[in-house]
S.K.: 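First, the structure itself, so that you have it in front of you.
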Amino acid sequence: QVQLAESGGGSVQAGGSLRLSCATSGYTGSTYCLGWFRQAPGKEREGVAYFYTGYGTTHYADSVKGRFTISQDNAKNTLYLQMNSLKPEDTAMYYCAAGLMDWPRCGRDYYGMNYWGKGTLVTISS
């Protein structure tokens with residue numbers, strides 16, 4: 001059973017940085033798409049960054065390219081999202097998720113992301 005638990009959210013001013021962490025377990029030995037998603041009040045959940053465990057490849061939403069970096073520390077079984085140059089529009093609940101799938105689907109198959117954490121809140125003030 002894959003389990004995910006986010007941490008690292010908080011409140012920062014615009015232009016600041018945060019690093020989110022997602023403790024992961026249960027998917028050793030398989031190739032998974034790992035992703036960070038966010039949902040702002042009144043808006044749909046959107047994917048912001050993806051990491052494919054099979055190749056170590058990444059994919060980003062246009063809105064965060066150049067500002068966010070997704071990475072994985074295998075030794076710590078942790079997925080990270082480094083967020084720099086934060087903007088008020090980045091304010092949202094951030095979730096990590098995992099899905100067993102091949103690379104072409106990673107970042108394109110929302111419903112294939114079968115496992116979700118409970119989220120961590122990020123608030124950016126102007």
Side-chain angles (χ1 to χ4, degrees):
Q1 179 73 12
V2 176
Q3 295 183 320
L4 308 167
E6 305 92 339
S7 61
S11 299
V12 299
Q13 289 190 326
S17 298
L18 279 174
R19 189 177 76 160
L20 305 184
S21 300
C22 176
T24 65
S25 63
Y27 65 82
T28 302
S30 301
T31 50
Y32 276 82
C33 176
L34 306 177
W36 284 98
F37 293 74
R38 66 186 182 188
Q39 187 167 20
K43 295 189 176 181
E44 293 187 352
R45 190 172 297 186
E46 63 169 345
V48 296
Y50 302 87
F51 182 96
Y52 188 63
T53 63
Y55 304 144
T57 43
T58 59
H59 173 71
Y60 297 91
D62 288 343
S63 59
V64 305
K65 276 181 183 176
R67 301 189 298 123
F68 290 12
T69 302
I70 188 171
S71 62
Q72 183 192 39
D73 186 328
N74 282 324
K76 295 183 178 180
N77 292 324
T78 302
L79 181 74
Y80 299 101
L81 185 68
Q82 178 66 44
M83 306 186 295
N84 299 328
S85 302
L86 284 161
K87 305 175 182 180
E89 51 264 42
D90 294 319
T91 294
M93 185 71 80
Y94 282 71
Y95 302 88
C96 66
L100 181 61
M101 64 180 71
D102 53 12
W103 169 239
R105 290 170 54 203
C106 187
R108 295 173 175 82
D109 184 0
Y110 175 85
Y111 295 103
M113 304 300 281
N114 304 111
Y115 306 98
W116 292 84
K118 294 183 178 180
T120 186
L121 182 62
V122 171
T123 304
I124 311 302
S125 58
S126 57

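This is a predicted model, so every value here is computed, not measured.
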S.K.: What residues, two or more places apart in sequence or in another chain, satisfy salt bridge (Lys or Arg N to Asp or Glu O under 4.0 Å) together with K87?
M.R.: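 Applying salt bridge (Lys or Arg N to Asp or Glu O under 4.0 Å) to K87 gives none.
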S.K.: Which residues satisfy the salt bridge (Lys or Arg N to Asp or Glu O under 4.0 Å) test with R67, sequence neighbours excluded?
M.R.: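 Scan of R67 (salt bridge (Lys or Arg N to Asp or Glu O under 4.0 Å), adjacent residues dropped) gives D90.
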S.K.: Give, for atom OG of S21 and atom CG of D73, the distance between the pair rounded to the nearest 0.5 Å.
M.R.: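 The OG atom of S21 sits 10.0 Å away from the CG atom of D73.
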S.K.: Would you list the pairs meeting disulfide (SG to SG under 2.5 Å) in which at least one residue belongs to residues 88-117, sequence neighbours left out?
M.R.: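 Qualifying pairs, neighbours excluded: C22-C96, C33-C106.
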S.K.: Linking I/L/V/M/F/W/Y whenever their side-chain heavy atoms sit closer than 4.5 Å, directly or via other members, would Y95 and V2 fall into one cluster?
M.R.: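 No, separate clusters.
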S.K.: Please, which pairs that meet disulfide (SG to SG under 2.5 Å) have at least one residue in residues 43-86, sequence neighbours excluded?
M.R.: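 For residues 43-86, and leaving out neighbouring residues, there are no disulfide (SG to SG under 2.5 Å) pairs at all.
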S.K.: Disulfide (SG to SG under 2.5 Å): which pairs involve residues 41-85, sequence neighbours left out?
M.R.: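 Listed by first then second residue: nothing to list.
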S.K.: Would you list the atom pairs, donor with acceptor, under 3.5 Å between side chains in residues 50-60 and any protein atom, with sequence neighbours excluded?
M.R.:
{"unit_1": "Y52", "atom_1": "OH", "unit_2": "M101", "atom_2": "O", "d": "3.1"}
{"unit_1": "T53", "atom_1": "OG1", "unit_2": "Y32", "atom_2": "N", "d": "2.7"}
{"unit_1": "T53", "atom_1": "OG1", "unit_2": "Y32", "atom_2": "O", "d": "3.2"}
{"unit_1": "Y60", "atom_1": "OH", "unit_2": "I70", "atom_2": "N", "d": "2.9"}

S.K.: Please assess L86 against V12 for the test side-chain contact (heavy atoms from CB on, under 4.5 Å), listing each intermediate value before the final yes or no.
M.R.: CA-CA 8 Å; L86 284 161; V12 299; 3.8 Å; yes
S.K.: For the residue pair W36 and E6, what are the closest heavy atoms and their distance?
M.R.: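 Answer, listing the atom of W36 first, then E6: CZ3-CG, 3.9 Å.
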S.K.: Does any pair with a residue in residues 100-114 pass salt bridge (charged side-chain N to carboxylate O under 4.0 Å, His left out), and if so which ones, sequence neighbours excluded?
M.R.: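 Every pair satisfying salt bridge (charged side-chain N to carboxylate O under 4.0 Å, His left out) with a residue in residues 100-114: R105-D109.
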S.K.: Does anything in residues 42-55 pair up under salt bridge (charged side-chain N to carboxylate O under 4.0 Å, His left out), and if so which pairs, sequence neighbours excluded?
M.R.: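 Qualifying pairs: R38-E46.
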S.K.: Please set out all donor-acceptor pairs under 3.5 angstrom arising from side-chain atoms of residues 110-126, sequence neighbours excluded.
M.R.:
{"unit_1": "W116", "atom_1": "NE1", "unit_2": "M113", "atom_2": "O", "d": "2.9"}
{"unit_1": "T120", "atom_1": "OG1", "unit_2": "G9", "atom_2": "N", "d": "3.0"}

S.K.: Work out which heavy atom in A92 is nearest to a heavy atom in A40; give both atom names and the distance.
M.R.: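 That closest heavy-atom pairing would be CB-N, 3.8 Å.
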S.K.: Side chains of residues 75-82: which donor-acceptor partners sit under 3.5 Å, not counting sequence neighbours?
M.R.:
{"unit_1": "T78", "atom_1": "OG1", "unit_2": "K76", "atom_2": "O", "d": "2.8"}
{"unit_1": "Q82", "atom_1": "NE2", "unit_2": "N84", "atom_2": "OD1", "d": "2.9"}

S.K.: Are L20 and F37 connected in the hydrophobic side-chain network, where two residues link if heavy atoms are under 4.5 Å apart?
M.R.: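 Different clusters: L20 never reaches F37 through Ile, Leu, Val, Met, Phe, Trp or Tyr contacts under 4.5 Å.
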S.K.: Taking all non-hydrogen atoms of both residues into account, name the closest pair between A14 and P88 and its distance.
M.R.: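 Scanning both residues completely, I find the closest heavy atoms to be CB-CD, 4.0 Å.
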